[in-house]
Amino acid sequence: MKDTGSGEDNNVAPSIYSYNAKKGLPFNLMIVGEPGLGCSTFLNTLCERTVISPSEPPNPEQAHIAVPMQFKHYSVDMEEDGMKIILNIIDTPGFASGTDNETCFNQIQEYLESQFDDVLAEENRIKRNPKFKDSRVHAVLYFINPTGHSLREMDIELMRKLGMRANVIPVIGRADSLTPRELVLFKQRIMNDIQEYNIPVFNFPDSNEDDDEETVEENAELRAMMPFAVVGCEEVINEDGRPVRVRSYPWGTVQVDNDEHSDFDRLRYVLLNSHIGDLRDQTQNAIYELYRTEKLSASDQPRKRRIQPVPLRCRPRHLLLKPIARTVLRKRMGPIRQIYLRIGGVRKQCF
């Protein structure tokens, strides 16, 4: 398992980035996906318990009404290989339930940036709050509809927008709806689109000076698996004396934890074990620092001096008139001005 970090960064106050090892390592995970892709089932399978209860069947009379997207928070205490983890889940029910999803995109981006703003405000305080909770999202799982073709425009726009504010990990939901051959081709098309449209996703770093050969090989293997194709299930059967999570079909069963059937087991290992420290460090040292630099640079730009308009009561009367009126007045005053100048000249001669 990779190092999860010392819990403290030299450039950040310990109260912000550190954690209490006795209580557990905080990890903030956001789930984004259309209804029907198994997001809730995935979360329950990930946590090995019922976190989100099954929703009630929708009312047919209200099927035409779009449900607004919400942010629902859940916290689960877990333990992986002797390490305590506080898994904070941000679910987004109602995402992409309407025809125009631009509002959902903006809501998620604003949510991610608001967590950065809270940390930035805490950093700038003279006396910091020792109980401050870092709620920055460490990873966003974006569930892709298993169409078997390629990324849709909605997928591209959302991942490009969120990739600058979080570690986006693309996931194919309900992967058991595709044949093995269709799944391989679908993965290739998605990764081609990610490369062509320059979509920033968490692509597992190629190498690091501190990484050993085993870690480098593991990252290369994980990159080859992307996007992760998952199958969620809460049904457990007894097979050869051991519990197995499966989805039963008339033609057979799909084992959730079998690497030949689903990438769920590897994705769970990445999130809660091998790369939990990398995701936290990437959020702090790269994504947040970029946002912080942008925010402070924008506030440091010199403001343009605004010229205050002269109050109407202080302006000469002829400037208060409209341009056409001033032209007419100037023509009428012409002869009077000439007489005034002649009289002035006569007076100069007399004196």
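Just so you know, these numbers use all the heavy atoms, side chains as well, and skip hydrogens, waters and symmetry mates.
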Holding to salt bridge (Lys or Arg N to Asp or Glu O under 4.0 Å), I want the full list of residues that pass it with [X], two or more places apart in sequence or in another chain.
| X | value |
| --- | --- |
| Glu217 | none |
| Arg245 | Asp257 |
| Glu294 | Arg165 |
| Glu110 | none |

Side chains of [Y] and [X]: any donor to acceptor distance under 3.5 Å?
| X | Y | value |
| --- | --- | --- |
| Thr41 | Asn44 | no |
| Asp91 | His73 | no |
| Ser75 | Asn88 | yes |
| Thr283 | Asn167 | yes |
| Arg136 | Gln284 | yes |

Taking the side chain as C-beta and beyond, is there a heavy-atom pair between [X] and [Y] under 4.5 Å?
| X | Y | answer |
| --- | --- | --- |
| Met154 | Glu34 | yes |
| Asp263 | Lys187 | yes |
| Thr92 | Gln70 | no |
| Ser150 | Asp193 | yes |
| Val230 | Arg174 | no |
| Leu25 | Arg280 | yes |

Taking the hydrophobic residues Ile, Leu, Val, Met, Phe, Trp and Tyr, and joining any pair whose side-chain heavy atoms are under 4.5 Å apart, which ones share a cluster with [X]?
| X | value |
| --- | --- |
| Trp251 | Val231, Tyr249, Val254 |
| Val184 | none |
| Met164 | Leu290 |
| Val246 | Ile237, Val244 |

Does [X] use its side chain to pair, donor to acceptor, with the backbone of [Y] at less than 3.5 Å?
| X | Y | value |
| --- | --- | --- |
| Asp155 | Arg152 | yes |
| Gln255 | His261 | no |
| Thr45 | Cys233 | yes |

My understanding is that only residues two or more places apart in sequence, or in another chain, count here; which of them pass side chain to side chain contact (heavy atoms under 4.5 Å, CB included) with [X]?
| X | value |
| --- | --- |
| Arg49 | Cys47, Val51, Val76, Met78 |
| Thr103 | Gln107 |
| Leu29 | Phe27, Ile31, Leu46, Leu87, Ala139, Leu141, Leu271 |
| Arg292 | Leu120, Glu123, Tyr288, Glu289, Leu296 |

query = Considering residues, nucleotides and ligands other than Glu260, do more than 12 of their heavy atoms fall under 6.0 Å from its CD?
reply =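 12 or below, so no.
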request  = Flag yes if more than 12 heavy atoms outside Tyr197 fall under 6.0 Å of its OH atom; otherwise flag no.
outcome  =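 Not buried by this count: 12 neighbours or fewer within 6.0 Å.
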Determine, using the 4.5 Å side-chain heavy-atom cutoff (strictly less than), whether [X] and [Y] are members of one ILVMFWY cluster.
| X | Y | result |
| --- | --- | --- |
| Ile89 | Phe71 | yes |
| Leu178 | Leu185 | no |
| Met83 | Ile86 | no |

query = When the ring centroid of Phe264 is compared with that of Phe228, is the distance short of 6.0 Å?
reply =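 No, ring centres 6.0 Å or more apart.
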query = What do the steps show when you test Arg268 against Glu80 for salt bridge (Lys or Arg N to Asp or Glu O under 4.0 Å), and what is the final call?
reply = CA-CA 11 Å; Arg268 187 181 192 278; Glu80 292 290 321; 2.9 Å; yes
ask   = Any salt bridge between Asp259 and Arg266, counting N to O under 4.0 Å?
value =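 Answer for the salt bridge query: no.
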request  = Identify whether the distance between the nearest side-chain nitrogen and carboxylate oxygen of Glu102 and Lys161 falls below 4.0 Å.
outcome  =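 Yes.
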message = Test side-chain contact (heavy atoms from CB on, under 4.5 Å) on Tyr111 and Ile90; report intermediate values, then the result.
response = CA-CA 10 Å; Tyr111 178 90; Ile90 304 99; 3.6 Å; yes
request  = Could you walk me through whether Thr215 and Asp212 pass side-chain hydrogen bond (donor to acceptor under 3.5 Å, both in side chains), step by step?
outcome  = CA-CA 5 Å; Thr215 301; Asp212 52 20; 2.6 Å; yes
ask   = To the nearest 0.5 Å, what is the distance between CD (Glu157) and CG (Asn101)?
value =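 Those atoms lie 11.5 Å apart.
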